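Scope of the values below: all heavy atoms of this structure, side chains included, with no hydrogens, waters or symmetry mates. The model shown is predicted, which means the values in this text are computed figures rather than measured ones.
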Amino acid sequence: MAAVDVEKVIIVEGRSDKKKLESIIKEPVEIICTNGTISYAKLDQLIDELYNKEVFILVDSDEAGEKLRKQFRREFPEAEHLYIDRMYREVAAAPKQHIAAVLLSADIDVHAEYL
């Protein structure tokens, strides 16, 4: 009997963001790094690959992150945007408890010790 789970994907900027999320998230979620920027060709490829998946954008609260977020809003309007508190600026700098709360609000299962 196959599971009918919608695959969840989170798009982040860097490797340190990805590592941090992997330590917090309890369920299988694909985490994709843009490494700060993304070309239109790569974005088109991503949009094709992510068709029918639940996609979340979690980028830094800085100029580069906002630029990336705008690009995703334009090219990928069905993605859900998650935000860390501006005072942390970067996903990698935000406390794990804060990120866990943000993920939980998007229905992403996290390890109990971060709640």
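Not one N or O on the side chain of K42 forms a donor-acceptor pair closer than 3.5 Å with the backbone of T34. When atom types are taken as modelled, the side chain of Q71 and the backbone of I38 share a donor-acceptor pair closer than 3.5 angstrom. A donor-acceptor distance shorter than 3.5 angstrom exists from the side chain of E13 to the backbone of D60, with no hydrogens or angles considered. Remark: side-chain polar atoms of D17 are paired, donor with acceptor, to backbone N or O of G14 under 3.5 angstrom.
Atom CD of E113 sits in a crowded spot, with more than 12 heavy atoms from other residues, nucleotides or ligands closer than 6.0 Å. Heavy atoms from other residues, nucleotides or ligands lying under 6.0 Å from CZ of R73 number more than 12.
When all heavy atoms are compared, the tightest approach of D107 to K8 is O-NZ, 2.5 Å. Between I57 and R69, the shortest heavy-atom contact is O-NH1, 3.7 Å.
Here the OG-CD distance, from S61 to E66, works out to 6.5 Å after rounding to the nearest 0.5 Å. Annotation: the span from E30 atom CD to I11 atom CD1 amounts to 9.0 Å, rounded to 0.5 Å. In this structure, CG on L46 lies 11.5 Å from CD on E75, to the nearest 0.5 angstrom.
Hydrophobic side-chain contacts under 4.5 Å tie Y88 into a cluster, directly or through other members, with I10, V12, L21, I24, I25, V29, I31, F56, L58, L82, I84, M87, V91, I99, V102, L103, L104, I108, V110, Y114, L115.
Applying the side-chain contact (heavy atoms from CB on, under 4.5 Å) test to F76 and every residue at least two apart in sequence or in another chain returns I47, L50, V55, F72, E78, A79.
Put simply, the side chain of K70 does not reach to within 4.5 Å of the side chain of K67, judged on heavy atoms.
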